[in-house]
Amino acid sequence: MSEHERTIMAFDEQGREVMIDIQVSVKELGELTHAGPVSGPPSLRTREGHPVNYLGGGEFSVTLPGEEEAIFRTDDPEFV
């Protein structure tokens with residue numbers, strides 16, 4: 001199994017920035033099944049390892065330690 005990783009930047013209304021790492025597990029099923037690689041749902045975490053939920057429309061919900069949940073937005077074309 002291999003993982004493809006991509007990182008995007010997102011900002012909240014106060015201008016704070018988080019780096020969100022996107023990891024997708026990819027399993028190679030082999031030639032016998034003729035299925036090729038199969039990927040699971042992406043795992044989203046901040047660079048520091050905090051969980052991230054994708055809300056849609058370029059918005060992510062992030063709860064940083066000691067803080068309430070905050071909404072971060074990206075202009076990355078894959079998520080807008």
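Residues take their numbers from the sequence shown, with the count starting at 1. Just so you know, these numbers use all the heavy atoms, side chains as well, and skip hydrogens, waters and symmetry mates.
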Enquirer: How far apart are the C-alpha atoms of I8 and F60, what are their side-chain angles, what is the distance that settles it, and do they pass the side chain to side chain contact (heavy atoms under 4.5 Å, CB included) test?
Expert: CA-CA 11 Å; I8 62 171; F60 297 87; 3.6 Å; yes
Enquirer: Closest heavy-atom contact between P42 and I22?
Expert: CB-CG2, 4.0 Å
Enquirer: Go through T63 and H50 one step at a time and tell me if the side chain to side chain contact (heavy atoms under 4.5 Å, CB included) criterion holds.
Expert: CA-CA 7 Å; T63 303; H50 307 297; over 6 Å; no
Enquirer: For Y54 and F79, take the angle between the two ring planes, folded into 0 to 90°, and tell me which bin it lands in: parallel under 30, tilted 30 to 60, perpendicular over 60.
Expert: perpendicular
Enquirer: Restricting to non-hydrogen atoms, name the atom on I71 and the atom on L55 that form the minimum distance, rounded to 0.1 Å.
Expert: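 Closest approach of I71 to L55, heavy atoms only: CD1-CD1, 3.4 Å.
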Enquirer: Check V62 against V52 and note the closest heavy-atom contact, atom names and distance.
Expert: CG2-CG2, 4.0 Å
Enquirer: Assess the residue pair D76 and R6 against the criterion (side chain to side chain contact (heavy atoms under 4.5 Å, CB included)); give the C-alpha distance rounded to whole Å, side-chain angles, the decisive distance to 0.1 Å, and a yes or no.
Expert: CA-CA 12 Å; D76 187 291; R6 180 168 181 240; 2.5 Å; yes
Enquirer: Under 6.0 Å from the CD atom of E67, do we count more than 12 heavy atoms belonging to anything else shown?
Expert: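 Check passes, neighbour count above 12.
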Enquirer: With no hydrogens and no angle check, is any side-chain donor or acceptor of R73 less than 3.5 Å from a backbone partner on G57?
Expert: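 Yes; at least one donor-acceptor contact below 3.5 Å.
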Enquirer: Please round to the nearest 0.5 Å and tell me the distance separating atom CD of Q23 and atom CG of L44.
Expert: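 Here the rounded value is 9.5 Å.
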Enquirer: Provide the closest heavy-atom pair for R16 versus A70 in the form atom of the first, atom of the second, distance.
Expert: NH2-CB, 3.9 Å
Enquirer: For M9, does the CE atom have more than 12 heavy-atom neighbours from other residues, nucleotides or ligands under 6.0 Å away?
Expert: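 No, CE of M9 has 12 or fewer neighbouring heavy atoms, counting only those of other groups under 6.0 Å.
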Enquirer: Suppose we screen for side chain to side chain contact (heavy atoms under 4.5 Å, CB included). Which residues come up paired with E68, at least two apart in sequence or across chains?
Expert: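 Residues passing side chain to side chain contact (heavy atoms under 4.5 Å, CB included) with E68: none at all.
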Enquirer: Quick one: pull up OG1 in T46 and CD in E17 and give me the separation to the nearest 0.5 Å.
Expert: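 Between T46 OG1 and E17 CD, I get 12.0 Å after rounding to 0.5 Å.
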Enquirer: May I ask whether F11 and M19 are part of the same hydrophobic cluster, defined by side-chain heavy atoms of I, L, V, M, F, W, Y residues being less than 4.5 angstrom apart, directly or through others?
Expert: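 As far as the 4.5 Å side-chain criterion goes, M19 and F11 are connected within one cluster.
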Enquirer: Can R47 and D21 be said to form a side chain to side chain contact (heavy atoms under 4.5 Å, CB included), step by step?
Expert: CA-CA 6 Å; R47 181 57 49 95; D21 291 329; 2.9 Å; yes
